[in-house]
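First the structure, in the form of structure tokens, and then the observations on it.
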2 protein chains.
Amino acid sequence: MARPTPSGHQSIRSQNLCIVLSEIHRHGRLSRAELTHNTGFNRSTIKVLVAQLEEMGLVSEYAPAARGTAGRPSPIVGPRTDGPYAVAVDVAVSHLTVAAVALGGRVLARHSIDLADLVAPQEIVAEVVAGVRVLADSIPGQSWLIGVGVSVPGTVRRHDSRILTAPNLHWADVDLIAMLGAAFGADIPIYLGNDANLGVVAEHLRGVARDVDDVAYLIARVGVGAGFLVDGGPLLGAHGLAGEIGHIVVQPGGPLCYCGNQGCFEQVVGERALFARAGRSGPTPAAGIEDVMRDADGGNVFAQTAIDDVCQWLAVGLASISHLVNPQLIVIGGSLSLLLNERQERLQLSLDALMARAPGEPARVCIGALGEDAPLLGAAELVFAGLLSDPLETASAHRSQTEVLGGLDAVPPQAPHGSGRRAAVGVARRLQ
Amino acid sequence: MARPTPSGHQSIRSQNLCIVLSEIHRHGRLSRAELTHNTGFNRSTIKVLVAQLEEMGLVSEYAPAARGTAGRPSPIVGPRTDGPYAVAVDVAVSHLTVAAVALGGRVLARHSIDLADLVAPQEIVAEVVAGVRVLADSIPGQSWLIGVGVSVPGTVRRHDSRILTAPNLHWADVDLIAMLGAAFGADIPIYLGNDANLGVVAEHLRGVARDVDDVAYLIARVGVGAGFLVDGGPLLGAHGLAGEIGHIVVQPGGPLCYCGNQGCFEQVVGERALFARAGRSGPTPAAGIEDVMRDADGGNVFAQTAIDDVCQWLAVGLASISHLVNPQLIVIGGSLSLLLNERQERLQLSLDALMARAPGEPARVCIGALGEDAPLLGAAELVFAGLLSDPLETASAHRSQTEVLGGLDAVPPQAPHGSGRRAAVGVARRLQ
């Protein structure tokens, strides 16, 4: 029963700061004139709000480069490079990336390692902590950590952010937030999301899906998953499990899947299906895909057929997405997008042909602009969402980076607890 | 860039009327005490608001039946039976239903006719007009028509409400709103929606999906479609075409579909697939399904196998919905729900088995409470949405029913125009 309540002066100020900071975060840097235009605030309001954000250590203003036109140039506003930052973590099946990401989405530093098969959650926690310590050298001393956002290739339950299952990691029912919380200490909020759900947020904010409000993002690596934006907001589903396209059956009687069914989408378009059909089993998947492509270019019929098959099955899956969710745009991310660089048009034609005489509208298909970084950048957005929704509150609660990193020396071997942490919540509409 | 604006007294009053009227509409009738409880308004505010709604001719108050407990009983508030009403129309492939629906969702009168094959849009318009004239006798003289809402078994484009295609009617690119507008006159708004999208709204408001915010509704008649609610709001998709599950390919190489593909969902679970497999071609589908069920009960192996096949393929489709959209509840509507009365548990077990070891959560499956009426009642909600969102404005613009029906004598053979009418917009969250 929402009713309008009289808003106090302070809460309007806070909302206005949120609007201006979100604009700066989205665009990276803007002139004050652009801020005035984009927000609808007048020039003096923008000046006051920017001054306050500057005072809070979030943004800085500087003179624009000379441009040779008449009139006084408008000052440029951008996020401080020694301001707040997020630690973003992308847990993939074959590798782990840890990055420090500043407001504006700029990656200050990153650290990646290959993962052995069957890595345990506790090892991931240790690697994240080690990664953050490596990154520390590259981060300006004044910067302050505001939270850790993690992308996982698994299902994240909506109400408590537990990982229900990450099949290709062989994880089930893992409270990674509690484990990371024990390592980082109670003052650093930890957020967790599904890789595809985070990828679509990042491509919408900074990639090919800018200004598109109905978007599907297909992440195709070892596992295959989808994330959806509907009217600009995340489609999470009742339990947060929407987008598990890897296990819709597209080929009854087809290859056996670990889920017990035959012909799951993941079994016909995932990396392993490609390698198996092409007669290869690449140990490091991204390299493996390039190998298959090279084989195909060299005339290897198995490799050529394998790529053709994957593309045709991809079209079948994209048709199902188009029919069920009717996105305007389907963004292909993950390592398999490498395959599509030269085959994007053919994939689009296959999709269009499948839907030519059916009710419904085939989505436009394109390759993500952020590449393998989309889930990583989406994970950072989980962290920034808190700051952007309430800059006054979040910024005043900051603590120094040194203090946090000092606490990382003692990583407990087991995660004892961790409730009370904020649940990952998807990124709210105001970001977009 | 939404910012809070100071709300004037009048607009708050209008919003409060909207809240109270929506509660009455949702529940049909409520005591003033229940209204106080449900809305959070205090007793004197409720008294004033109810008095205003009564003055506007929308609701009436009456004494409750004696209940034998202490204290003065709270007056009951309900919609006036001679107040505003909607004409709701359900265009199905085999029949047409026209109903007068009062606030509170009560069907005042209804009129159904069987449709011949290949009925043209213009014939539908003529039948709707004829139906409204038949209904007029059953409607209290003081009642006033506030709009016409139509459900169609086809795709309705979001931005202009044109019917892009209704394949089982063999319609393409039909502006039914313009055609009905020409018949009803410019003062009666016409709304249009897809049958499954309207069905899910009705089951959510008045059926089995009350209090469930993530719902899929599968309408299985001759055609098969789905409608989704996500976080309580409609999932329409970029062009309004979400939910076209009838054409996802579930059995590659299976029966040929009119869309050119083989093994579309509609071709393995639709009425025609059932009749063909069971060795029957029922002329009137609902009777036909009962015939197949009787055959199966009598030991006819073809009928038994046909039903088993349809149920198994249904489970495959419901698994795809669960994986992609993760609803809490899937409601089965349409004539095929007859099949499931005795097979609901088995369908649930099949779905659970398909998803037992996969990431994701099988939805709970149940049969709709509103039966074949769900799209009809959802179509009425398209009309009520306008009244509920702005009772003051809409109620003051009413005109008498006699006046409208008088204008129906002359139905033009061709619809000359019709732009400028309000587009169907799905039913907003405030209804739920």
Side-chain angles (χ1 to χ4, degrees), chain A residues 1 3-4 6-7 11-12 15-16 19 38-40 154-155 164-167 212-214 226 230-231 233 235-252 257-261 264 316 319-321 323-329 354-361 363, chain B residues 1 3-4 6-7 11-12 15-16 19 38-40 154-155 164-167 212-214 226 230-231 233 235-252 257-261 264 316 319-321 323-329 354-361 363:
Chain A
M1 292 295 108
R3 265 167 291 157
S7 292
S11 80
I12 289 181
Q15 286 187 45
N16 292 351
I19 289 167
N38 292 0
T39 62
T155 51
L164 294 185
T165 174
V212 183
D213 277 348
D214 292 276
V230 172
D231 288 337
L235 165 51
L236 295 175
H239 311 95
L241 312 179
E244 282 300 321
I245 193 174
H247 296 274
I248 68 169
V249 172
V250 294
Q251 189 187 20
C257 182
Y258 59 79
C259 80
N261 295 313
C264 289
V316 170
S320 291
I321 289 177
H323 280 306
L324 278 181
V325 186
N326 182 213
Q328 185 178 342
L329 178 68
L354 279 169
M355 297 185 68
R357 289 162 55 202
E361 182 81 17
Chain B
M1 293 295 107
R3 265 167 291 156
S7 293
S11 81
I12 290 181
Q15 287 189 44
N16 292 351
I19 290 167
N38 292 0
T39 62
T155 50
L164 294 186
T165 174
V212 182
D213 277 349
D214 291 277
V230 172
D231 289 337
L235 165 51
L236 295 175
H239 312 94
L241 312 179
E244 282 300 322
I245 193 174
H247 296 273
I248 68 170
V249 172
V250 294
Q251 189 188 20
C257 182
Y258 59 79
C259 79
N261 295 314
C264 289
V316 171
S320 291
I321 289 176
H323 281 305
L324 278 182
V325 187
N326 183 214
Q328 185 178 341
L329 179 68
L354 280 169
M355 297 186 67
R357 289 162 55 202
E361 182 81 17

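Chain identifiers are assigned alphabetically (A, B, ...) following the order of the sequence lines, protein sequences preceding nucleic acid strands; residue numbering begins at 1 within each chain. Computed from a predicted model, the values in this text were never measured in an experiment.
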- For B:His247, side chain to side chain donor-acceptor pair (under 3.5 Å) partners two or more places apart: B:Tyr258

- Count the heavy-atom pairs under 4.5 Å between each of B:Pro167, B:Cys264, B:Gly237 and chain A, then report the option with the highest count. B:Gly237

- Which of the residues B:Gln328, B:Gln251, B:Glu244 is involved in the greatest number of heavy-atom pairs with chain A at under 4.5 angstrom? B:Glu244

- When A:Cys257, A:Ala319, A:Gly260, A:Ala363 are compared by non-hydrogen pairs under 4.5 Å with chain B, the top option: A:Gly260

- Query: Where does B:Ile245 contact chain A at under 4.5 Å (heavy atoms): side chain, backbone, both or neither?
  - Reply: both

- Could you grab the distance from atom CD1 of B:Ile321 to atom CG of A:Leu324, nearest 0.5 Å is fine? 6.5 Å

- Separation between OG (B:Ser320) and NE2 (A:His323), nearest 0.5 Å, reads 12.0 Å

- Tell me, for A:Pro327 versus chain B, whether the close heavy atoms (under 4.5 Å) come from the side chain, the backbone, both or neither. backbone

- Measure A:Leu354 against the heavy atoms of chain B and call it side chain, backbone, both or neither at under 4.5 Å. both

- Hey, which of B:Gly240, B:Gly243, B:Ala242 has the most heavy atom pairs under 4.5 Å with chain A? B:Ala242

- Task: For B:Asp214, enumerate each residue passing the side chain to side chain donor-acceptor pair (under 3.5 Å) test, keeping only those at least two apart in sequence or located in another chain.
- Result: none

- Message: Please identify, among A:Gly360, A:Gly154, A:Gly246, the residue contributing the most non-hydrogen atom pairs under 4.5 Å to chain B.
- Response: A:Gly360

- Query: How close do A:Asn326 and B:Leu241 get, heavy atom to heavy atom, and via which atoms?
  - Reply: OD1-N, 2.9 Å

